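Shown next, in structure tokens, is the structure this report addresses.
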2 protein chains.
Amino acid sequence: MKSMKTEVPVLSRRKPADYAESAYRRLCDAILEGRLMPGTPLSRRVLAAEFGMSTVPVGEALLRLEAEGLVESRPRAGSRVRIPTASEIQGNYELREALETHSARLFAERATDADRKALVAAAEKLDAMFDELKRKPYSAARHAQAERKHMRFHMLIAGAGRCVELENAIERSRVLLFNWLFTMSAEFGELPGGWHGTLARKLVGGSPREAAEAMRVHVRYRKDEVIERLSELAGPETARMARGPQRHRNGGSRK
Amino acid sequence: MKSMKTEVPVLSRRKPADYAESAYRRLCDAILEGRLMPGTPLSRRVLAAEFGMSTVPVGEALLRLEAEGLVESRPRAGSRVRIPTASEIQGNYELREALETHSARLFAERATDADRKALVAAAEKLDAMFDELKRKPYSAARHAQAERKHMRFHMLIAGAGRCVELENAIERSRVLLFNWLFTMSAEFGELPGGWHGTLARKLVGGSPREAAEAMRVHVRYRKDEVIERLSELAGPETARMARGPQRHRNGGSRK
DNA sequence: GCTGGAAAACTGATACGACAGTTTAATATT
DNA sequence: AATATTAAACTGTCGTATCAGTTTTCCAGC
């Protein structure tokens with residue numbers, strides 16, 4: 001409607017510094033890699049000094065991490081890496097089931113032949129990796145890498161559904177669960193042989209409903225066991241941070 | 001472990017001012033009520049002047065709104081109320097289907113007798129309201145109120161599932177869709193007679209799978225039509241804000 | 001008339017300082 | 001010794017100022 005001058009090219013994408021983004025990345029990575037364990041206090045000032053910036057961008061990073069559920073903060077008394085409660089873990093499992101089953105359904109409906117081929121190939125490689133993992137002694141690095149590959153496998157399924165919103169939601173729920181899983185070390189890489197191969201075949205060959213149900217059993221596998229183990233590490237249900245829930249509760253419609 | 005002195009009571013909950021929270025509420029309400037239409041520029045300075053505070057808390061509020069998807073911003077060139085793309089609308093529909101069907105399943109599994117009774121009662125009242133809405137001439141206020149009640153109905157189902165994470169996700173996806181729906185005025189309050197009553201009966205009486213499938217058809221009702229209409233208002237798929245996507249893209253694991 | 005480019009008027013990003021809560025440690029009181 | 005009180009050391013919150021990008025405007029040149 002207005003001016004229609006020479007369409008500007010898309011060449012502006014650099015970040016002159018973006019301290020906030022940098023701080024966010026460093027903190028997020030540190031939490032996800034387990035270097036910052038749940039409960040670790042996060043002071044804006046010490047982080048600012050450590051990162052060589054002021055407290056403002058650090059605060060922005062903490063705000064984003066809080067919105068994502070990785071950090072909790074009390075109004076004027078500090079932030080820390082979030083300690084999940086047992087019910088939160090259970091809730092995230094529920095969320096994951098809802099999202100992944102729908103993702104599988106979309107895969108069965110929309111995946112191209114290339115998608116399906118890629119999936120079975122990825123499944124075979126993943127199963128081989130888990131087999132190998134079973135033989136070797138436990139190693140945090142190997143375990144973490146396995147989790148990353150597992151994540152990519154599920155994101156491959158989600159990607160074939162052609163729905164970014166669903167992809168993002170799945171990634172978020174997985175991140176939340178696996179950040180917590182991270183704290184518990186070994187013995188959870190052991191899966192039945194060909195576990196992902198059979199799943200992939202059902203997704204590729206089955207109807208949407210069959211695909212969804214196959215994914216449901218996949219997601220629920222060992223669910224109770226994992227929840228129980230995680231709940232031990234989790235903070236007690238009440239009084240998680242001594243004084244009620246974190247601020248900025250809801251995030252949608254009020255009134 | 002540490003000190004075990006006189007357990008501190010839970011009496012700290014006030015906010016000495018919390019300008020940021022206030023700004024967030026005002027902006028969020030204004031957007032959700034349609035007073036700030038998609039595309040409206042949001043300048044930190046003018047908002048700060050209007051709210052009687054500095055730009056810092058306004059910035060925090062905008063950051064939260066951006067994380068929620070209600071606002072978009074380009075690094076150093078201003079924020080505005082987000083204009084959704086057609087694919088985003090479609091994606092949110094997909095998300096909503098995944099979440100609501102699982103919510104219905106949980107309802108069938110976990111709802112108490114009181115939950116079930118409350119649901120059928122709410123459904124009848126809702127249907128009556130929609131019937132009345134059909135007769136009266138269009139009114140933005142009535143329409144908005146109807147949407148709110150409709151929202152509450154769905155949150156009633158989610159609440160019986162006993163899973164806050166799922167509830168929050170459903171609320172968020174609904175808010176995102178209906179903030180956009182808000183811009184299109186009338187003719188979408190018209191539903192088949194007893195529409196929610198039949199759904200409620202299936203949720204109350206059916207198996208988990210039947211409940212989920214009933215919810216699926218409920219959510220999909222008129223889906224394509226709504227998407228098409230919304231897509232007209234939506235920004236074009238490419239070049240939504242002239243220069244690529246908003247910053248702070250992903251929100252989970254990178255590396 | 002249209003095009004090109006410089007300058008002005010925006011924008012958010014960041015630093016710093018002051019402040020008011022919260023927590024913790026030390027101290028006084030019983 | 002256990003408890004109440006106080007002081008000190010934290011915490012995030014917010015205001016103001018500065019800076020560097022982006023967008024718009026406006027004027028020169030064709």
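What you are looking at is a predicted structure, and each value in this text was computed from that prediction instead of being measured. In what follows, every chain begins at residue 1, and chains take the letters A, B, ... in the order their sequences are listed.
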Sidechain N-carboxylate O distance under 4.0 Å for A:Asp115, A:Arg162: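 Salt bridge present between A:Asp115 and A:Arg162.
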Salt-bridge test for A:Arg64 and A:Glu60: reply yes if a basic N is under 4.0 Å from a carboxylate O, no otherwise.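 Salt bridge absent between A:Arg64 and A:Glu60.
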Suppose the criterion is ring pair (Phe, Tyr, Trp, His ring centres under 6.0 Å): which pairs have a residue in residues 57-88 of chain A, not counting sequence neighbours?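 Checked against ring pair (Phe, Tyr, Trp, His ring centres under 6.0 Å) - neighbours excluded - no pair reaches residues 57-88 of chain A.
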Gap between atoms [atom1] and [atom2], on [X] and [N] respectively (whole Å):
X       : N      : atom1 : atom2 : result
A:Glu60 : C:dA13 : CD    : P     : 6 Å
A:Asp18 : D:dG21 : CG    : C1'   : 12 Å
B:Glu66 : C:dG12 : CD    : P     : 11 Å
B:Tyr19 : D:dG12 : OH    : C1'   : 16 Å
A:Glu21 : C:dT14 : CD    : C1'   : 15 Å
A:Leu62 : D:dT11 : CG    : P     : 12 Å
B:Arg80 : C:dG12 : CZ    : P     : 11 Å
B:Leu63 : C:dT14 : CG    : P     : 11 Å

Under the salt bridge (charged side-chain N to carboxylate O under 4.0 Å, His left out) rule, what pairs show up with a residue in residues 34-43 of chain A, not counting sequence neighbours?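 Passing the test, one end in residues 34-43 of chain A: A:Glu33-A:Arg35.
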Quick one: list whatever passes side-chain hydrogen bond (donor to acceptor under 3.5 Å, both in side chains) with A:Arg174, sequence neighbours left out.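 side-chain hydrogen bond (donor to acceptor under 3.5 Å, both in side chains) list for A:Arg174, sorted by chain: empty.
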Does any residue of residues 47-55 of chain A have a heavy atom under 4.0 Å from DNA chain C, and if so, which ones, in number order?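 Close to the strand are A:Met53, A:Ser54.
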Of all residues at least two apart in sequence or in a different chain, which pass the ring pair (Phe, Tyr, Trp, His ring centres under 6.0 Å) check with B:Phe153?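 Result, ring pair (Phe, Tyr, Trp, His ring centres under 6.0 Å) vs B:Phe153: B:His196.
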All N/O pairs under 3.5 Å across the protein-nucleotides 8-11 of chain C interface:
unit_1: C:dT11; atom_1: OP1; unit_2: B:Ser43; atom_2: OG; d: 2.8
unit_1: C:dT11; atom_1: O2; unit_2: B:Arg76; atom_2: O; d: 3.2
unit_1: C:dT11; atom_1: O4; unit_2: B:Arg45; atom_2: NH2; d: 3.3

Residues forming a side chain to side chain contact (heavy atoms under 4.5 Å, CB included) with [X], sequence neighbours excluded:
X        : value
A:Ala146 : A:Met129, A:Phe130, A:Leu133
B:Ala158 : B:Ser103, B:Glu167, B:Ile170
B:Glu97  : A:His102, B:Glu94, B:Thr101, B:Arg216, B:Val219, B:Arg220, B:Lys223

